[in-house]
Amino acid sequence: MMTKSHVIAVLVNDQPGVLQRVSGLFGRRGFNIESITVGQSEEQGLSRMVIVTQGDDTTLEQIEKQLYKLIDVIKVVNLSANPMVSRELALIKVKAEPAERPEIMGVVETFRAAVVDIGSGSMVVQVIGDTEKIDAMIELLRPYGIRELSRTGVTAMPRG
């Protein structure tokens, strides 16, 4: 069985403790959550969680069955089974002396990213895209010195 990344959307009642119960289920079963995002859905009173985890197809099936046993879980969808749109946002604070800024701006423009703050010795860059794009941007900025990095985690929905 091949281990691969899975993106799962979980529609849940917007209740205190639901996030804890869902993440607890993963932890008890020994499944790692690579990223999790939670926010309001299109339906009042319901939130959508988008969870990225690793595992084979059997593991994923197990996760889905276990999630449905939780009282506040309404629907579980394996988004990675079909074409999907996925995005992540990262804020990257880079060490940037005035002499290095034009070079850094070149990287920012190539990735269609944006500088959202400039300090005396640093810049904060915002980049939005799929995980691979974010990873690539981080690697290109690493030689300048990353002072701080904050990523949202993946959010996704089916195409069409």
Side-chain angles (χ1 to χ4, degrees), residues 1-12 14 16-42 47-57 59-60 63 67 76-160:
M1 283 281 168
M2 202 176 91
T3 296
K4 59 185 180 212
S5 202
H6 295 282
V7 180
I8 307 162
V10 185
L11 200 62
V12 297
D14 192 2
V18 174
L19 175 61
Q20 183 182 358
R21 287 192 289 283
V22 169
S23 61
L25 180 149
F26 277 76
R28 284 192 305 280
R29 305 268 178 307
F31 305 136
N32 187 40
I33 295 175
E34 286 182 14
S35 94
I36 185 167
T37 59
V38 187
Q40 291 178 321
S41 75
E42 66 283 358
S47 291
R48 180 168 283 106
M49 295 181 179
V50 177
I51 302 168
V52 179
T53 189
Q54 291 281 333
D56 56 31
D57 293 336
T59 303
L60 181 70
I63 289 170
L67 284 167
V76 180
V77 179
N78 176 8
L79 293 174
S80 42
N82 296 299
M84 65 173 179
V85 177
S86 71
R87 292 291 180 269
E88 188 176 353
L89 173 129
L91 294 174
I92 310 162
K93 187 184 283 182
V94 185
K95 191 174 149 294
E97 295 308 324
E100 296 172 310
R101 288 182 186 167
E103 250 180 80
I104 293 170
M105 286 304 296
V107 174
V108 168
E109 286 165 16
T110 302
F111 280 81
R112 292 195 179 103
V115 173
V116 292
D117 184 64
I118 297 180
S120 58
S122 68
M123 296 167 78
V124 178
V125 176
Q126 168 187 292
V127 59
I128 299 168
D130 59 27
T131 301
E132 292 76 23
K133 177 181 177 179
I134 309 272
D135 290 344
M137 177 108 188
I138 290 166
E139 282 315 302
L140 284 175
L141 291 175
R142 205 174 290 287
Y144 299 100
I146 294 176
R147 288 193 172 159
E148 210 173 324
L149 172 64
S150 182
R151 294 174 78 154
T152 59
V154 173
T155 191
M157 60 176 49
R159 287 191 178 276

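Sequence positions, counted from 1, serve as the residue numbers for this chain.
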**Q** Indicate the atoms forming the closest heavy-atom contact of Val7 with Ser80, along with that distance.
**A** N-OG, 3.0 Å
**Q** What distance separates Ile92 CD1 from Ile138 CD1, expressed to the nearest 0.5 Å?
**A** 5.0 Å
**Q** Measuring from atom CE of Met137 to atom CD1 of Ile134, what distance do you get when rounded to the nearest 0.5 angstrom?
**A** 8.5 Å
**Q** List the residues meeting side-chain hydrogen bond (donor to acceptor under 3.5 Å, both in side chains) with Lys95, not counting sequence neighbours, and say none if there are none.
**A** none
**Q** Please name the pair of heavy atoms, one in Ala156 and one in Met84, separated by the smallest distance, quoted to 0.1 Å.
**A** CB-SD, 4.1 Å
**Q** For the pair Ile8 and Met49, evaluate side chain to side chain contact (heavy atoms under 4.5 Å, CB included) and give the outcome as yes or no after the intermediate values.
**A** CA-CA 8 Å; Ile8 307 162; Met49 295 181 179; over 6 Å; no
**Q** Name all pairs fulfilling the salt bridge (charged side-chain N to carboxylate O under 4.0 Å, His left out) condition that reach into residues 26-42, sequence neighbours left out, sorted by first residue then second.
**A** Glu42-Arg48
**Q** So which pairs with a foot in residues 76-86 pass salt bridge (charged side-chain N to carboxylate O under 4.0 Å, His left out), sequence neighbours left out?
**A**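 Every candidate salt bridge (charged side-chain N to carboxylate O under 4.0 Å, His left out) pair involving residues 76-86 fails, so no pair, neighbours aside, qualifies.
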**Q** Under the side-chain hydrogen bond (donor to acceptor under 3.5 Å, both in side chains) test, which residues partner Gln20, sequence neighbours left out?
**A**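 In terms of side-chain hydrogen bond (donor to acceptor under 3.5 Å, both in side chains), with neighbours along the sequence ignored, Gln20 is linked to no residue.
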**Q** How many angstroms lie between atom CD1 of Ile51 and atom CG of Leu79, to the nearest 0.5 angstrom?
**A**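 Interatomic distance, Ile51 CD1 to Leu79 CG, rounded to 0.5 Å: 10.5 Å.
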**Q** Please report the shortest heavy-atom distance between Lys133 and Gly129, naming the atom on each side.
**A** CD-CA, 3.9 Å
**Q** Run the side-chain hydrogen bond (donor to acceptor under 3.5 Å, both in side chains) test against Glu103 and tell me which residues pass, sequence neighbours left out.
**A** Tyr144
**Q** Which residue pairs pass the side chain to side chain donor-acceptor pair (under 3.5 Å) test with at least one member in residues 112-125, sequence neighbours excluded?
**A**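 Found none.
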**Q** Check this for me: Gln54, atom CD, are more than 12 non-hydrogen atoms of other residues, nucleotides or ligands nearer than 6.0 Å?
**A**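 For Gln54, atom CD is crowded (more than 12 foreign heavy atoms under 6.0 Å).
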**Q** Short question: side chain of His6, backbone of Gly55 - any donor-acceptor pair under 3.5 Å?
**A** yes
**Q** Per the salt bridge (charged side-chain N to carboxylate O under 4.0 Å, His left out) rule, what does the pair list look like for residues 149-160, sequence neighbours excluded?
**A** Glu88-Arg151, Asp135-Arg151
**Q** Test of understanding: with salt bridge (Lys or Arg N to Asp or Glu O under 4.0 Å), list the residues that count as partners of Lys93, not counting sequence neighbours.
**A** Glu148
**Q** Arg21: which residues meet the salt bridge (Lys or Arg N to Asp or Glu O under 4.0 Å) condition with it, sequence neighbours left out?
**A** Asp72
**Q** Backbone N or O of Val154 within a donor-acceptor pair of the Ser86 side chain at under 3.5 Å?
**A**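 The answer is no, because no donor-acceptor pair under 3.5 Å joins these two groups.
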**Q** Where do Ala114 and Val108 come nearest, in terms of heavy atoms and distance?
**A**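 Nearest pair, atom of Ala114 first, then Val108: N-CG1, 3.8 Å.
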**Q** Considering residues at least two apart in sequence or located in another chain, which fulfil the side-chain hydrogen bond (donor to acceptor under 3.5 Å, both in side chains) criterion with Thr53?
**A** none
**Q** Taking atom CG of Leu140 and atom CZ of Phe111, what is their separation to the nearest 0.5 Å?
**A** 4.5 Å
**Q** Side chain to side chain contact (heavy atoms under 4.5 Å, CB included), that's the test. Do Ile36 and Leu19 meet it? Break it down for me.
**A** CA-CA 10 Å; Ile36 185 167; Leu19 175 61; 3.5 Å; yes
**Q** Roughly how far, to the nearest 0.5 Å, is CG of Leu60 from CZ of Phe31?
**A** 9.0 Å
**Q** Asp14: what forms a side chain to side chain contact (heavy atoms under 4.5 Å, CB included) with it, not counting sequence neighbours?
**A** Ser47
**Q** Looking at CZ of Arg87 and OG1 of Thr131, how far apart are the two atoms once the value is rounded to the nearest 0.5 Å?
**A**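 Answer for the CZ-OG1 pair, Arg87 versus Thr131, is 10.0 Å.
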**Q** Just to verify, what does Leu89 make a side chain to side chain contact (heavy atoms under 4.5 Å, CB included) with, not counting sequence neighbours?
**A**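 Scan of Leu89 (side chain to side chain contact (heavy atoms under 4.5 Å, CB included), adjacent residues dropped) gives Leu91, Gln126, Ile128, Thr152.
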**Q** Do other residues, nucleotides or ligands put more than 12 heavy atoms under 6.0 Å from Met157 CE?
**A** no
**Q** State, to 0.1 Å, how close Val52 and Ser5 come at their nearest heavy-atom pair, and which atoms those are.
**A**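 Between these two residues, the closest heavy atoms are CG1-OG, 3.4 Å.
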